[in-house]
Every structure is written in structure tokens, then in C-alpha cells.
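Atoms within a ligand are numbered from 1 in the order they appear, just like the ligands themselves. One is the number of the first residue; the rest follow in order along the sequence.
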Amino acid sequence: MSSKGLSFIRGSSLCFSVRLSRSASTKAARQKIVVLGCGWGSYSVLRSVNKKKFDVICISPRNHFLFTPLLASTTVGTLEFRSIIEPIRNTGFRDEHHFHLSYATHLDHAQKVVQCRSALDPSMTYPVSYDILVIGVGANSSTFNIPGVNEHALFLKEIQDAREIRKRILTNFELATQPLVSEEEKRRLLHFVVVGGGPTGVEFSAEFYDFLQQDLERLYPDERSTVHITLIEANEILSSFDTKLRSYTEKIIKKRERMQILKASVTEVTDTGITLSDGSVMPCGMVVWSAGLAPRSFVNDLNVDKNSRGQILVDEYLKLPSLDSVYAIGDCASVIGNDMPCTAQVAEKQGRYLAKALSRKASTPPPPFVFKQTGMLAYIGDYRALADTSVGKSQGYASWILWRSAYSTKLGSWRLRMQVPMDWMKTFFFGRDTSRF
Ligand code: FAD
């Protein structure tokens, strides 16, 4: 090799080592933000935060963002599971330093350390240090300590929950067609109960009703008259929506032949049915539980101020008043004196606000977080939806078009924006896939 060539290599390696030490020093100078979770709130921080200014680390037991408003559609196959999730590694969190598939289990703020436990190997526990901590761990479904809910009911929070529900529906239909099954057992297997008349319970019932009408009745003609869906709510269904929209929904559901709304409270869930507060027992083949939220164990164990629902109290800058550089957003948090609904809309806006606020120069303090509701949408089945927006309130087919358009444009990436309409089209032309696995 010529001496000219050698000097070039030496020159470039010198250049490389200078660059390396410079980048190492910038990395060292950058503050380390640790974000817990990759749901609506945290994902919004991860996407918007200035990664040149901060060294950003995400710790979450799942490695994807989940578009929850369309989760109910995957329980019956209107949409496929992978059509509503976005892998976190597509957002730039690729190396072992920046993404950990783990649970945050304990916070030691004096040492500025979060203790973590691997989601793949529970024996693997380790600390991660932070300069700034963002808690966006969401919430669990609340069981209200009702016996049997954890053991026998199905929840609808994550993709694996939707998978379980889809499998149970198809299992029950297949079981009901087996030769030795009695009529009574058939009726039990094909009685599906949804507990909780909030948007999740109503939307799941709606998707299930469509599945029944559009596919199951055609594919299981002998079971047509046996199937029944009961939506149980102790108070009003869709209580966060306008009264007119609520009565419209009730009217539509009451007209449905194989569906009923039951105003009651559940006191026990067993493997063959539910017990109501009047002592009556209702045999059923599946219970989907969607009756409220409860704090995650990480939040439960935090020794900070919380409200009566166990949410972390934060100030108008979303910061914990008692801990320096610790923020909480989304369903796990509540702004002192300004209770906001536990919705994707709130979590996403809080995440975006926080990313922007943290990226500001220290000399320019951020304005407080202000939430402006842009509206609420809910699908009620049979190509009808509700729209409760600041512009107006509407229901029916036009609102369904609005519901679909709003959500398809809100999807986090172009891949999902392509995938979801393709699934909708596939379902419309060919029906839903009823393979059981
Ligand atoms: P989440 O989105 O739940 O994210 C929490 C994250 O924290 C997840 O990544 C989770 O894996 C992670 N995590 C959990 N434990 C730990 C831990 N110990 N350590 C680290 N990470 C952890 N809202 C609307 O506005 N419109 C709708 O149409 C709508 N429809 C919905 C439909 C369904 C079926 C459901 C379940 C919810 C719906 N919501 C809707 C509500 C909305 O999804 C929630 O309000 C929103 O997800 C809250 O965002 P979050 O970031 O607080 O929590």
C-alpha cells in the first residue's frame, strides 16, 4: 500500500476517533429521559421529544404501540391484530440501550433509579438510572374485587386479550355444534355477556353483533336462534355521551333480536356464568369485563400523592409536586384540580405537550397544560356510530363514516393507514375469518 494510502487510513481513523470521542461527550452531556410505557401518552413523548437534546430510553413490557380505539374490531376479525399495532423499534428505538422489554417495578428517586424486571425472564432484574422520568404506564381493568372476575372473565386492554376473546367466541360456536352437547349447554355456550356499558363495552358488543349478523349466522345456521348477547351496566350506558345520543343507542340496541341491555350489578363470575346482585344466576359461555380502571402495581407501590382512584397527582405542568424531574401522563395520572377523562385523546395530548415542554430552553418556562376536548366517537354496530363533538352531535350512518375516517387518519403510520382500510374492504367483500387457532 502506498504511503499516501496509509496516511489516508490513519487520517480517517484519527478523524473517526475524534468523532467518537466528540459523540461520546455529547451523549454524556445529554440528559437521560427514561419513559415508562409505550401507550398513547408515552408513545407521543417518544415520537415528539428532541432526541438530539436528550438520550431517550423506553422501558415497556410490550414492544409496540397499540391503537386501542380499533381494538374491539380485532376481537371478531373485522381487522387483523397486526393492523393496529406499530413496533416501537420503527420509531428509532433500536439498540439495547434505548429500548428494554421490561416492567418498571420500583422507583428509587433518591438514587434516581428505576428498578426493572424483564418481561421475558422474570429472574432478570436490573436498575436503569435517569435524569428525567416520564411515567406513562396506563391502568389495569378494575375488577372491584368481585370474586371470579380475574379467574373467569376476559378483559379487553391488549392485543392478547382480543386474541383470547376471538378464540373463545369461535371455540364456543364449534363446541355448540358438537353432537353430544345438550340444548341447555348449547344455550349457555352461546350466551355472551359484556359487563360495563362504557364506550369499550358498547363498541365490543357492536362489533360482536355485526359478526353475528354478517358471518356467524351464515356459517352456523343451526345455532342462529340460540345465540344471545347481554350488555350489563349498573347505571346508564355511555354516560360520558350526550343524553340524546344515549337514548338513540338504547333504542337501536333494544330493537336487536338477540341482544339486550340489562341494568344490574354482577356479584360473582364463575366458569359457567355470573351471579347478579338480586341473587339470580345467569349461565353464559363468555364474560367480557370492561367495568372501569384500577392502578397498575408500579403506581400502587409509589409513595406519592394520589387521588381516590389511585392515580398519581400531578401539577398543571404534569410534574409530580413532591419529586424533582418526575412527570406522569395518561390514565395513571390526574391533574390536581382538573380531572380529565381517561382517554387516548388526553394521553396523546399530554405526551405531545410534555415532549415540547421538556425541549424548551431552561430560560423559557412552558405554559401550563390545557386540555381541549375535540369530541368523542363511538361505534354502535350495523354501520352506525355516535359523534359528540364541539361542532355538533350526530348519530347513524354519516357518523359511522366520520368514525372510520377519523380513526383511519389518526393511525400512527402510513403502513397502518394502508392496512386498516384494506382489512375493512376484505371483511366487506369476503366476510371475517372464522378459523380457530
Ligand atoms: P396505555 O395506552 O394503556 O399504555 C400504557 C403503557 O404502559 C403500555 O405500553 C404498557 O405496556 C406499559 N406498562 C404497563 N405496565 C408497565 C410497567 N410496570 N412498566 C413500564 N411500562 C408499563 N380512548 C379514546 O380517546 N378514544 C377511544 O375510542 C378509545 N377506545 C378504547 C378502546 C379500548 C378497547 C380501550 C381498552 C381503551 C380505549 N380508549 C379510548 C382509552 C385509551 O386507550 C386510554 O385512555 C389510553 O390508552 C391511555 O393511554 P396511556 O398512555 O395512559 O396508557
**OP:** Report yes or no: does A72 have a heavy atom closer than 4.0 Å to ligand 1?
**Re:** no
**OP:** Please could you name the atoms of ligand 1 that G37 approaches to less than 4.0 Å, counting only its heavy atoms?
**Re:** 6 (C), 7 (O), 9 (O), 12 (C), 20 (C), 21 (N)
Original post:
Are W424 and T78 close enough that a side-chain donor and a side-chain acceptor fall under 3.5 Å?
Top reply: no
Original post:
Any nitrogen or oxygen of L156, main chain or side chain, under 3.5 Å from a nitrogen or oxygen of ligand 1?
Top reply: no
**OP:** Could you check whether the rings of Y43 and F65 sit parallel, tilted or perpendicular, using 30° and 60° as the cut-offs?
**Re:** parallel
**OP:** Looking only at protein heavy atoms, identify the closest one to atom 47 (O) of ligand 1 and say how far it is in Å.
**Re:** W40 CD1, 3.1 Å
Subject >> For atom 51 (O) of ligand 1, the protein heavy atom that lies nearest, with its residue and separation >> reply: G41 N, 2.8 Å
Subject >> Per-atom contacts, ligand 1 versus G136 - under 4.0 Å to a heavy atom >> reply: 5 (C), 6 (C), 7 (O)
Original post:
Do any nitrogen or oxygen atoms of L36 come within less than 3.5 Å of a nitrogen or oxygen of ligand 1?
Top reply: no
Original post:
R432 and side chain to side chain contact (heavy atoms under 4.5 Å, CB included): which partner among D210, L79, L216, L219?
Top reply: D210
Subject >> Atoms of ligand 1 close to G330 [distance to a heavy atom under 4.0 angstrom, numbered from 1] >> reply: 52 (O)
Original post:
Near Q345, which atoms of ligand 1 are under 4.0 Å from a heavy atom of that residue?
Top reply: 25 (O)
Subject >> Top protein contact for atom 21 (N) of ligand 1, by heavy-atom distance >> reply: P61 CD, 3.2 Å
Original post:
Which heavy atom of the protein is the closest neighbour of atom 34 (C) of ligand 1, given with residue, atom name and distance?
Top reply: T200 CG2, 3.5 Å
Original post:
Got a sec, which pairs hit side-chain hydrogen bond (donor to acceptor under 3.5 Å, both in side chains) with one end in residues 108-117, sequence neighbours left out?
Top reply: H109-Y130
Subject >> Ionic contact status for R246 with E250, cut-off 4.0 Å >> reply: no
Original post:
Considering only protein heavy atoms, which is closest to atom 28 (O) of ligand 1, and at what distance to one decimal place?
Top reply: Y407 OH, 2.9 Å
**OP:** Note the single closest protein heavy atom to atom 32 (C) of ligand 1, along with its residue, its atom name and the distance in Å.
**Re:** T68 O, 3.2 Å
All N/O donor-acceptor pairs, side-chain side in residues 284-298, below 3.5 Å, sequence neighbours left out:
from : atom 1 : to   : atom 2 : distance (Å)
W289 : NE1    : S142 : O      : 2.8
R296 : NE     : V137 : O      : 2.6
R296 : NH1    : N140 : OD1    : 2.9
R296 : NH2    : V137 : O      : 3.4
R296 : NH2    : A139 : O      : 3.4

**OP:** Please say whether F298 places an N or O atom under 3.5 Å from an N or O atom belonging to ligand 1.
**Re:** no
Original post:
If you measure from the Lys or Arg side-chain nitrogens to the Asp or Glu carboxylate oxygens, is any gap between E80 and R166 under 4.0 Å?
Top reply: yes
**OP:** Compare Q350, H100, K157, R296 and give the one whose heavy atom is closest to atom 15 (N) of ligand 1.
**Re:** R296
**OP:** State, without any angle test, whether Y220 and E174 hold a side-chain donor-acceptor pair at a distance under 3.5 Å.
**Re:** yes
Subject >> Mutual orientation of the aromatic rings belonging to F371 and F369 [parallel < 30°, tilted 30-60°, perpendicular > 60°] >> reply: parallel
**OP:** Using a strict cut-off of 4.0 Å, indicate which atoms of ligand 1 neighbour a heavy atom of P69.
**Re:** 27 (C), 28 (O), 29 (C), 30 (N)
Original post:
Distance only, no hydrogens: is a donor on one side chain within 3.5 Å (strictly under) of an acceptor on the other, for S44 and E348?
Top reply: no
Subject >> atom 4 (O) of ligand 1 [closest protein heavy-atom partner, distance rounded to 0.1 Å] >> reply: G39 CA, 3.1 Å
Subject >> Min N/O separation E203 to ligand 1 under 3.5 Å >> reply: no
Original post:
In the protein, what heavy atom is nearest to atom 19 (N) of ligand 1, and what distance, to one decimal place, separates them?
Top reply: A104 N, 2.9 Å
**OP:** Using a strict 4.0 Å threshold on nitrogen-to-oxygen distance, state whether D388 and K393 make a salt bridge.
**Re:** yes
Original post:
Can a salt bridge be assigned to the pair E158 and R62 using a cut-off of 4.0 Å between side-chain N and carboxylate O?
Top reply: yes
Subject >> Ligand-side contact atoms (ligand 1) for residue partner I59, heavy atom cut-off under 4.0 Å >> reply: 20 (C), 21 (N)
